[in-house]
Amino acid sequence: MELAILNKLAEAVIEGDDDLAEELSQEVLDKGLDPYEAIVDGLAKGMMIISDKYEKGEAFVPNLLIASSAMYAGMEILSPQIQTNDTEKAAVGVIGSIEGDVHDIGKNLVKTMLSASGFNMIDLGADVPVERFIEVAKEQKADLISMSALMTTTMTNMEKVIEMLQEEGVRDSLRIMVGGAPVSEEFAHAIGADSTHADALHASEWANESVKELDPNQIRWSEEKINLGKVKYREILSKKKVKGKTDIGLDTAKEIIEEFEKVGVKSKEQMSHMDRTLASMGDKKVDRLPVYPLACGIYRKFAEQNYKQYATDPNAFVESAFLGSKYLDTDMFVGLIDLSATSADFGCKIKYPEDDTPSSEGHLKIYEDIEVPEVKEGTRAYELVMASKMATEKLNKDLKTPFVGFHEGPLLTLTQLMGADRVLMDMKTHPDVVLEAVQKCTDYICQVSELFFEENACNALCIDNLWSNNVIMSEEDYWKFDGKFVYDQHVPIFKKYDQPYIIHNCADAVHFDTQIKKFGTQLFSYAHYPKLRSKGSQNYADLIPKYGDTCCMMGEINPVDFMDHSAGGVQKIKDDTKELLEGVLPVLKENGMQSKYVLSTGCEIPPGGPLNTVKAMVDIAKELGPQLQKDNIG
C-alpha cells in the first residue's frame, strides 16, 4: 500500500496534476505514513524523473514548471508534519533573479530542484534589489545564495551582491551560486562566486555537496566570525572602491574622443558603412566583413547621458547613436533600448533606473484584461519609432551608417507582460487563453513594425523573437505559440514593404529551421554558448553551411568579456575578433560565399561597461579584415 501511494505521488508530479498530488499527500497523513518519506520517495522522485526526461530532450520547460507546481502542492500538505531537531534542519537557500532582470524560468527550475533535494528555499522572485539578497541571507542565516540572469546587461549586479556580503563580513558564511545562459565559469570566478552550472540538476547536486562543507551555522554566523570577515575583505573592497569612483564608460569615451580629435579615422576605407553592410547581406564583394558589437546602450557615454535619458529622451537617444557611431566608426547601429517597449503599452508597469536598463516592475494578473492599444503619440512604441526616425536621418546623412530599428516579437511581449514562467505553464494548462493573448500581442507588434516602415524610421528592422529554444519548448510548441503568428501575420508586413526580415535571438539553442528557413530570415543575430553546445548552441561553423545560402549570420563573441577594460582584456577582444575573422572567412569560401557574415557579439554588451574594448573589436576588424578578405576570398 505504501509503495503504491509513493508511486502515485511521483506520477502526479510527472503529470503535473496539482489536485491529485494534494489528494495523495493528504492520504499519506490519514494513513499515518511517514510524510518525509512521501516527499523524498514520492514527490521528489517524480521531479527527478521529469528532470531526467528534460536532460534527455524528452521534456521541456513547461513540463518542468507544471511538475514543480504539483510537487509544491503536495509539499505544502506534507512539510508542516515533518518533525525535525536542530541537527536535522534543512539547509536554507535564498534565490532570485538579479536586479534589472525579470526572467525567472531558470531561477524557478533551480529552486524546484533544490527544494526537491531537501533545501528550504526562500524565493525572492525576479528583479531583486541587490540589498535584498543580503538582508534575507542575514535574517535567515542562510547556507546558500543563488542568483540568475538571462540578460548580459544585468549580470554585473551579481558582483555588487558579493561585494556587499564581503562588506558585511558574511561572505564566507554561505555558498554563492550564479547562473543563466550568458554566465560562464570565468565570469563566476571573476566576481567571486563559488560556482555556476549549465543546468538546474547539476546546480542542485553541487549545492547539496557544497553546503555540507560549511562550518556549523552557529559558528559561521557568529559575531566573531563576521568581524573577522569584515577585516579579511577590507583591503580587497578598498581597492575596488577606488576603481569604482570612476565612470569607466565615460572615461574610455573621453579617451576615444581625444584620440579621434587628434587623428580622426585612421585610414579611409574603400566602401561606406552602408554599402558594406548591404553588400554583405547580399553576399556581394566587400573590402572586409562588417563589424558591429551590440554596444547600443554604452554609446550614451559619448553624449554624457544616463540610461534613463537614453531610453526616454529622443534627442539624447539620437545624440548617443550618432556620437557612438562616429567615434567608434561601426558599420551600423541597432536601436535597442530595452525589451519592455511593447509590453509597457499594454499596461505593464516599467521602472526606469537612472543608469540601468528599464525593466518590467509588475505584470498583469488576468489575460482577459489585455487590450490591444493603438500605436499613437504617448505610447512607448510610438516614441521609439520617432526617435529611430530621427537617428536614421542623422546617421545616414552625416555618417553613411545604416540604422537598424528594434522591437520585441509577439511571445516575448506577452512574457514581459504576464511573466515568462506563468505563460509557459499556461501553454500546457490553458493553451486557448495563451493563444488569444499572443494574437493580441501580434496585432500590436504588427502595428509597430508597419509604423517603422511607413515613417521610414529605419534602414532595416530587427525583431527579438526570443523564445525559439529547443530546451525551453519543443519546435511544435514554438510554432504553435509564436512561430505561426510571426509567419502568418508579421513576416508579410516585411514583404509588403520589401524589407528583409531580421531576428535577434540570444537564446542558447534556437529552433533555427523555423526562425530562418520558415520565416525567410535574411539576417540573424545569434549568441553562442560553448558550455551549452551539447544542448544545441551552434556557432558560425555550424550555421553558415546550413543557412548561409539564404541568411547572413551575425554574432558571436561573448559580450561579458568586454567588461574587462585592462590591457589584457582589450587584447583578449582583439584575439577573439581575429580568431572569428580567421575562422569565418574560410567557412564562407568553402560554402561558395564571400561576405555573408557580420562580426558582432552574441548579445548586448552591459551598459555599464567600458568602450575601449568595443573599439578594440572594431579596430582589429578594420586592421586585419581587408587583407584577410583578399587572402581567403580574393
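Quick caveat, the model's predicted, so the values are computed rather than measured.
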*Measure the acute angle between the ring planes of F403 and F317, then classify it against the limits of 30° and 60° as parallel, tilted or perpendicular.*
perpendicular
*What is the ring orientation for Y547 with F512, classed by angle as parallel under 30°, tilted 30 to 60°, or perpendicular over 60°?*
tilted
*Check F519, Y501, W479 against Y487 for a ring-ring contact (aromatic ring centres under 6.0 Å, His included) and give me the one that passes.*
W479
*After noting the C-alpha distance and the side-chain angles of E269 and R276, does the key distance pass the salt bridge (Lys or Arg N to Asp or Glu O under 4.0 Å) rule?*
CA-CA 10 Å; E269 298 189 285; R276 183 181 298 110; 3.4 Å; yes
*Is E258 salt-bridged to K254, cutoff N-O under 4.0 Å?*
no
*Would you call D287 and K622 a salt bridge, taking side-chain N to carboxylate O under 4.0 Å as the test?*
no
Pairwise distance [atom1]([X]) to [atom2]([Y]) - rounded to 0.5 angstrom:
X	Y	atom1	atom2	value
L585	R288	CG	CZ	12.0 Å
T154	D356	OG1	CG	8.0 Å
N591	D549	CG	CG	9.0 Å
S343	D338	OG	CG	8.0 Å
C462	D464	SG	CG	7.0 Å
C441	Q416	SG	CD	11.0 Å

Any side-chain heavy atom of [X] sitting closer than 4.5 Å to one from [Y]?
X	Y	answer
H273	T330	no
S525	L294	yes
Y540	H528	no
L523	P500	no

*When the ring centroid of Y444 is compared with that of F346, is the distance short of 6.0 Å?*
yes
*With a 6.0 Å cut-off on ring centres, are F333 and Y299 close enough?*
yes
*The single option from L581, L543, V584 passing side-chain contact (heavy atoms from CB on, under 4.5 Å) against Y597*: V584
*Positive for side-chain contact (heavy atoms from CB on, under 4.5 Å) with S449, one of K496, H490, E454*: H490
*Do D443 and Q489 pass the side-chain contact (heavy atoms from CB on, under 4.5 Å) test, and can you show the C-alpha distance, the side-chain angles, and the key distance before you say yes or no?*
CA-CA 8 Å; D443 290 343; Q489 298 168 62; 3.8 Å; yes
_Could you walk me through whether K400 and D275 satisfy the salt bridge (Lys or Arg N to Asp or Glu O under 4.0 Å) test, starting with their C-alpha distance in whole Å, then the side-chain angles of each, then the deciding distance to 0.1 Å, before giving a yes or no?_
CA-CA 8 Å; K400 292 186 173 56; D275 290 343; over 6 Å; no
_Donor-acceptor pair, side chain of N157 and main chain of E99, under 3.5 angstrom_ = yes
If you count heavy atoms of other groups shown closer than 6.0 angstrom to [atom1] of [X], is the number above 12?
X	atom1	result
H565	NE2	no
D488	CG	yes
E579	CD	no
K484	NZ	no
K578	NZ	no

*Under the criterion side chain to side chain donor-acceptor pair (under 3.5 Å), which of K351, R380, K349 is the partner of S340?*
R380
Just checking, is any N or O donor in the side chain of [X] or [Y] under 3.5 Å from an acceptor N or O on the other one?
X	Y	answer
Y526	Q538	no
E408	T342	yes
H511	N470	no
N612	E255	no

*Identify, with sequence neighbours excluded, every residue that meets ring-ring contact (aromatic ring centres under 6.0 Å, His included) alongside Y327.*
F260, F302
*Give the minimum heavy-atom separation between A509 and V471, together with the two atoms involved.*
CB-CG2, 4.3 Å
